[in-house]
Amino acid sequence: MGVWGFGDASGLRVVDTPVGRIGCLICWENYMPLARYGLFAQDIDIYIAPTWDSGDTWIASMNHIAREGGCWVLSCATAIQGKDIPETFPQRDELFLSDEWINSGDAVVVKPFGGVVAGPLHQVKGVLFANIDLDAARDSRKALDVTGHYNRPDIFHLEIDRRTMPPLTFIDNTTID
């Protein structure tokens, strides 16, 4: 069971860095097409997707995002075994076997337009390395630019409200910051 709260889109931004234009969605935010579109529309080169998710379906989703967005996708995941849980954790030995994989990790790097170039690190704790060619991202968007010529701006429009919003508003319109 998850608990979700309202937020705002003030941080839904791609950032210029010396290594390219980088943006990020976390965990299952990556399954939100409008949030992805919000990053794609900012000419993202490197899309970072930290997550708890893993497995073939997640890796397929990362391939889809790379193809859809014409960007590099770096998905880092949590590779954790029972023995990684602190011994002081209540009932650790009853809950987890020492060699049990609680999460298999599956860190992966996917090239623009899809295709795994590094990883996945399945049930491996390590650092994943890959060389990234920014021109590959920019070139892939020449063929399929989901926010440009292929977008159908004549019929579709996305507006992102980037105003900072209070985390809680009461019925009498007072807020807690």
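By the 30° and 60° cut-offs, the orientation of the rings of Tyr31 relative to Trp58 is perpendicular.
Residues Pro112 and Trp72 have side chains in contact (heavy-atom distance under 4.5 Å, counting atoms from C-beta outward). Looking at heavy atoms from C-beta onward, Glu68 lies in side-chain contact with Arg36 at the 4.5 angstrom threshold. With a 4.5 Å cut-off on side-chain heavy atoms, Tyr47 and Val14 do not count as touching. Proximity of Val110 to Val108: side-chain heavy atoms (C-beta onward) are separated by under 4.5 Å at one or more points. Cys24 places a side-chain heavy atom less than 4.5 Å from the side chain of Pro50.
The distance from atom OG of Ser54 to atom CD of Gln123, rounded to the nearest 0.5 Å, is 9.0 Å. Separation of atoms CG (Asn30) and CG (Leu25) is listed at 5.0 Å; rounding is to 0.5 Å. The distance from atom CG of Asp106 to atom CG of Asp56, rounded to the nearest 0.5 Å, is 7.5 Å. Between the CD1 atom in Ile85 and the CD atom in Gln91 there is a gap of 13.5 Å [rounded to 0.5 Å]. One finds the OG1 atom of Thr78 at 11.5 Å from the NZ atom of Lys125 (value rounded to the nearest 0.5 Å).
Applying the side chain to side chain donor-acceptor pair (under 3.5 Å) test to Arg67 and every residue at least two apart in sequence or in another chain returns nothing. With sequence neighbours left out, the salt bridge (charged side-chain N to carboxylate O under 4.0 Å, His left out) criterion links Asp161 to Arg163.
Among all heavy-atom pairs drawn from Ser75 and Ala49, the shortest one is OG-O, 3.2 Å. Considering every non-hydrogen atom in both Leu12 and Gln42, the closest pair reads O-NE2, 3.2 Å. Ala9 and Arg162 make their closest contact through O-CG, 3.5 Å (heavy atoms, listed as atom of the first residue, atom of the second, distance). The nearest pair of heavy atoms linking Leu95 to Pro90 is CD1-O, 4.0 Å.
A donor-acceptor contact under 3.5 angstrom links the side chains of Asp145 and Thr147, judged on distance only. Under 3.5 Å, the side chains of Trp28 and Asp53 contain a donor-acceptor pair of N or O atoms.
Of the possible donor and acceptor atoms, none in the side chain of Arg13 sits under 3.5 Å from a partner among the backbone N and O of Gly23. Asp45 places no side-chain N or O within 3.5 Å of a backbone atom of Gly20 that could act as its donor or acceptor partner. For Ser104 (side chain) and His122 (main-chain N/O), no donor-acceptor pair under 3.5 Å exists by modelled atom type. A side-chain donor-acceptor contact under 3.5 Å links Arg141 to the backbone of Ile44.
Linking ILVMFWY residues whenever their side-chain heavy atoms come closer than 4.5 Å, directly or via other members, places Ile48 and Val109 in the same cluster. In the hydrophobic cluster analysis, where Ile, Leu, Val, Met, Phe, Trp and Tyr join through side-chain heavy atoms closer than 4.5 angstrom, Leu158 is grouped together with Leu144. By the rule that hydrophobic residues join a cluster once side-chain heavy atoms approach within less than 4.5 Å of another member, Val116 and Ile65 end up as members of one cluster. Phe113 and Tyr37 fall within the same hydrophobic cluster, defined by Ile, Leu, Val, Met, Phe, Trp and Tyr side-chain heavy atoms under 4.5 Å apart, directly or through other members. Both Val146 and Leu39 are members of a single hydrophobic cluster when ILVMFWY side chains are connected at heavy-atom separations under 4.5 Å.
Applying the side-chain contact (heavy atoms from CB on, under 4.5 Å) test between Asn103 and each of Asp84, Thr51, Ile80 identifies Ile80 as the sole match.
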Could you pull out all donor-acceptor pairs under 3.5 Å where a side-chain atom in residues 126-134 meets a protein atom, sequence neighbours excluded?
from: Asp133; atom 1: OD1; to: Asp135; atom 2: N; distance (Å): 3.0

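Other residues, nucleotides and ligands contribute at most 12 non-hydrogen atoms within 6.0 Å of the CD atom of Glu159.
With salt bridges taken as basic N to acidic carboxylate O contacts below 4.0 Å, none links Lys83 and Asp99. By the 4.0 Å N-to-carboxylate-O rule, Asp16 lies close enough to Arg21 to be salt-bridged with it.
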Item to check | Chi angles and distances behind the side-chain contact (heavy atoms from CB on, under 4.5 Å) call for Ile102, Trp52 | outcome: CA-CA 10 Å; Ile102 299 167; Trp52 177 259; 4.1 Å; yes
